[in-house]
Structure formats: structure tokens, C-alpha cells
Amino acid sequence: MLFPWSWSDMILCVQGSHPLLAEEKIRSLSLGGLAANLSEQVMQPLSVTPFQEEPAPPFVAPTPDNSPPQARDPEEDLLCIAKTFSYLRESGWYWGSITASEAKQQLQKMPEGTFLVRDSTHPSYLFTLSVKTNRGPTNVRIEYADSKFRLDSNCLSKPRILTFPDVVSLIQHYVLSCTVESKTDAPYPPPMPLPPMQKEVSAVHLKLIQPLKHRDSPPSLQHFCRLRINRSTAETDQLPLPKRMNDYLKQYPFQL
């Protein structure tokens, strides 16, 4: 679109003989009582230095802990296992190296809750608990780790399974937990029911009531007297007995 215009409408701007702002007239400027010299450079845009972030510290990868785990003293395990074998031999219900079939044959006609301890045929375990349930004899491996024994179970319930310093203490705890009248006399933490054993689809709940004595090595009369004393008191050191008899009681401080 064209706009009509004429030469008379034009304004021509030309520079005169003197600049509009003479440089010599603005050499100094008073600002807040302070004299600041100005030059042509102040009219130029200031150079802006780009903001530089503080450099981050160099990444230092964590040094892996190459120190080996603290090794256990083998002598500690040997002493623990030797003590357990000693207790089991004194118990009268340790059947040694019989097989699972032989244990089943011994328990087949026994009442529910009858049990025995034998050597495990699995190379990763020392002992196995064989017990008569309401569905027949079954076997539960006894796990050993870090000088402690506990019943073998699945990975989910394993952290909740109690551990004991020897096998006889383990068995006694579960026997006392199945006996209502002896709950207050249990020398261990509050009794808890035995873990259910998975058999096919349904669970079989174990009940330990009475140990099955080994017929080839029946307990002596002295051992029966020791059991009677242990069931009567847990402080045998306070009894007015000869030292030799106190030592004999300490060799088997259990009620089974």
C-alpha cells in the first residue's frame, strides 16, 4: 500500500558542527558526592563473564573392603560338636548311624510323639530327628552353624527358628513346649510350637513327647536318678552333695 507524501513532508537530520553532547563537557559527573570519571567506554556494554559453577570434586570410587571375613576358630566347633556327642551318648535315645528305614521300623508301632536322634545320612548335616506323627514316622534334619543347632526348615521360616548350643537342649525345649504343665519350668525362652514339615501338599505338625530309649544301651540306674534330680531343681550346685556327685550331675544337666 502506497502512502502519498511530498518533499515538503520530509525532515532531514544532519550532524552539526558540534556534537549534541560534547565529550569535554562530560569528563566528570558528581554522583552521591563522589566524583566518577566517565569516558566513552562507559557507554559501551559491559562485558559479562559467564557464571562458572564451582567444579565438583572428582568422583572417587569406594575402595572395596578386601579384608577377608573373620575366620572362625575350628577348635570352637570341635568342642561344641564333641560336647553334643557326649550329651547324646548319655541320653540313651541316641541311636547312632541307623538308616531312615531302620528308624521308621523302630517308630512304626510307637505312639504319636515318640522320637529318637540318629546320625544324618546327608553329608551336609550331622544329626536327624526321627519322630512318629499322626501320619507315620518322619524325619527332620538338625542344622549346625556357628556353634548352634536348630531344626532344618524352609528359607522363609528359618530366621524364626530358635537355635541351641547342643542337640539335647534343642530336643528338651520342644518336648517341654508340648507339655502344658512344664511350660513355666522351661529354662529357655518362651516355648514355641514346632515348625510344620511340608509333606506333599499338606503340613504335618510335629509333637515331641517321649524319647525312644536304645534297647542295646539302656540308661543306668544312676542316670535315672540324675534325671529325677534335674527335674526337681535347676540349681544342683546348691544341693548338699559330694563333689563327685555334683560333677556327675553336670555331665548331663537335662530332664530327658
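Numbers for residues simply follow the sequence, beginning at 1.
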Spatial distance of atom [atom1] ([X]) from atom [atom2] ([Y]) [nearest 0.5 Å]:
X      : Y      : atom1 : atom2 : answer
Leu176 : Ile171 : CG    : CD1   : 11.5 Å
Cys80  : Asp146 : SG    : CG    : 10.0 Å
Leu256 : Gln172 : CG    : CD    : 5.0 Å
Arg215 : Trp95  : CZ    : CH2   : 5.0 Å
Leu88  : His214 : CG    : NE2   : 12.5 Å
Ser124 : Arg141 : OG    : CZ    : 8.0 Å

Going by the rule ring-ring contact (aromatic ring centres under 6.0 Å, His included), which residues pair with [X] if we only count those two or more places apart in sequence or in a different chain?
X      : result
Tyr248 : none
Phe224 : none
Tyr87  : Phe254

For a 4.5 angstrom cut-off between non-hydrogen side-chain atoms, does [X] reach [Y]?
X      : Y      : value
Tyr94  : Val168 : no
Leu129 : Leu208 : yes
Gln106 : Leu212 : yes
Gln222 : Cys225 : no
Leu116 : Ser130 : yes
Leu162 : His173 : yes
Phe115 : Val175 : yes
Tyr144 : Val167 : no

With [X] via side-chain hydrogen bond (donor to acceptor under 3.5 Å, both in side chains) - residues at least two apart:
X      : value
Gln251 : none
His223 : Arg226
Asn246 : none
Arg228 : none

State which residues pass salt bridge (charged side-chain N to carboxylate O under 4.0 Å, His left out) with Glu102; sequence neighbours excluded, sorted by chain then number.
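For Glu102, no residue satisfies salt bridge (charged side-chain N to carboxylate O under 4.0 Å, His left out) once neighbours in sequence are set aside.
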Shared hydrophobic cluster for Leu126 and Tyr174 (ILVMFWY, side-chain gaps under 4.5 Å)
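Yes, Leu126 connects to Tyr174 through the hydrophobic network.
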Show every side chain to side chain donor-acceptor pair (under 3.5 Å) that has at least one partner inside residues 229-245, sequence neighbours left out.
Lys243-Asp247
Does the gap between the ring centers of Phe149 and Phe164 come in under 6.0 Å?
no
Side chains of Ser97 and Arg118 only: does a donor on one sit below 3.5 Å from an acceptor on the other?
no
Do Thr128 and Asn139 meet the criterion of a side-chain donor-acceptor pair at a distance under 3.5 Å?
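The answer is no; no qualifying pair exists.
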Who pairs with Glu112 by side-chain contact (heavy atoms from CB on, under 4.5 Å), at least two apart in sequence or on another chain?
Asn134, Lys207
Please write out which residues are connected to Leu249 in a hydrophobic cluster, directly or through intermediates, given that two of Ile, Leu, Val, Met, Phe, Trp, Tyr count as joined at side-chain heavy-atom separations below 4.5 angstrom.
Ile229, Leu239, Leu241, Met245
Please write out which residues are connected to Leu221 in a hydrophobic cluster, directly or through intermediates, given that two of Ile, Leu, Val, Met, Phe, Trp, Tyr count as joined at side-chain heavy-atom separations below 4.5 angstrom.
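ILVMFWY cluster around Leu221 holds nothing else.
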Output yes when a side-chain donor or acceptor of Lys132 lies under 3.5 Å from a complementary backbone atom of Met110, and no otherwise.
yes
